[in-house]
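Inspection log for the structure reproduced underneath, given as structure tokens.
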Amino acid sequence: MSKRRKMRLASLIMFVIAVIFVFCAVSNPALGRVIYIGNWAFGGDQWVFCYKVYALIMAGLFAGSFFVKKG
């Protein structure tokens with residue numbers, strides 16, 4: 001199996017796991033809870049933002065696997 005194919009397979013698996021994770025995390029009823037870090041409140045909107053960034057990074061890694069040189 002070539003390096004390109006291995007990278008694409010690994011990134012596809014990671015992307016699918018990321019999508020499943022984000023779906024489960026966003027549908028969690030505890031998402032609305034606020035966590036306080038010192039005087040700063042980290043609530044549901046911040047969690048959704050973090051999950052979106054995570055999904056974008058995984059999508060970027062998957063897209064990046066198409067640009068790996070043959071080898």
Side-chain angles (χ1 to χ4, degrees):
M1 189 181 266
S2 70
K3 181 179 180 182
R4 179 183 229 178
R5 204 168 172 92
K6 287 178 188 177
M7 175 73 165
R8 196 167 292 155
L9 180 63
S11 62
L12 177 63
I13 291 169
M14 288 171 57
F15 181 63
V16 169
I17 291 170
V19 169
I20 293 169
F21 170 75
V22 169
F23 176 75
C24 291
V26 171
S27 63
N28 184 355
L31 181 62
R33 291 191 181 156
V34 177
I35 297 173
Y36 291 96
I37 303 170
N39 293 331
W40 189 63
F42 198 82
D45 293 336
Q46 290 82 12
W47 283 115
V48 170
F49 175 76
C50 290
Y51 297 146
K52 287 179 181 179
V53 169
Y54 175 68
L56 284 173
I57 291 171
M58 291 297 114
L61 288 173
F62 177 65
S65 71
F66 288 95
F67 299 105
V68 174
K69 295 180 182 177
K70 288 187 177 181

### Message
If I take atom CZ from residue F15 and atom CD1 from residue I20, how far apart are they, to the nearest 0.5 angstrom?
### Response
11.0 Å
### Message
Within this structure, what is the CD1-CG distance for the pair I17 and L12, rounded to the nearest 0.5 Å?
### Response
10.0 Å
### Query
Hey, is CZ on F42 packed in by over 12 heavy atoms from elsewhere, all under 6.0 Å?
yes
### Query
If you group Ile, Leu, Val, Met, Phe, Trp and Tyr by side-chain heavy-atom gaps below 4.5 Å, do F23 and M58 land in one group?
no
### Message
With clusters defined by side-chain heavy atoms of hydrophobic residues (ILVMFWY) lying less than 4.5 Å apart, directly or transitively, does L56 cluster with V48?
### Response
no
### Query
Which pair of non-hydrogen atoms, one from S11 and one from L61, has the smallest distance, and what is that distance?
CB-O, 3.8 Å
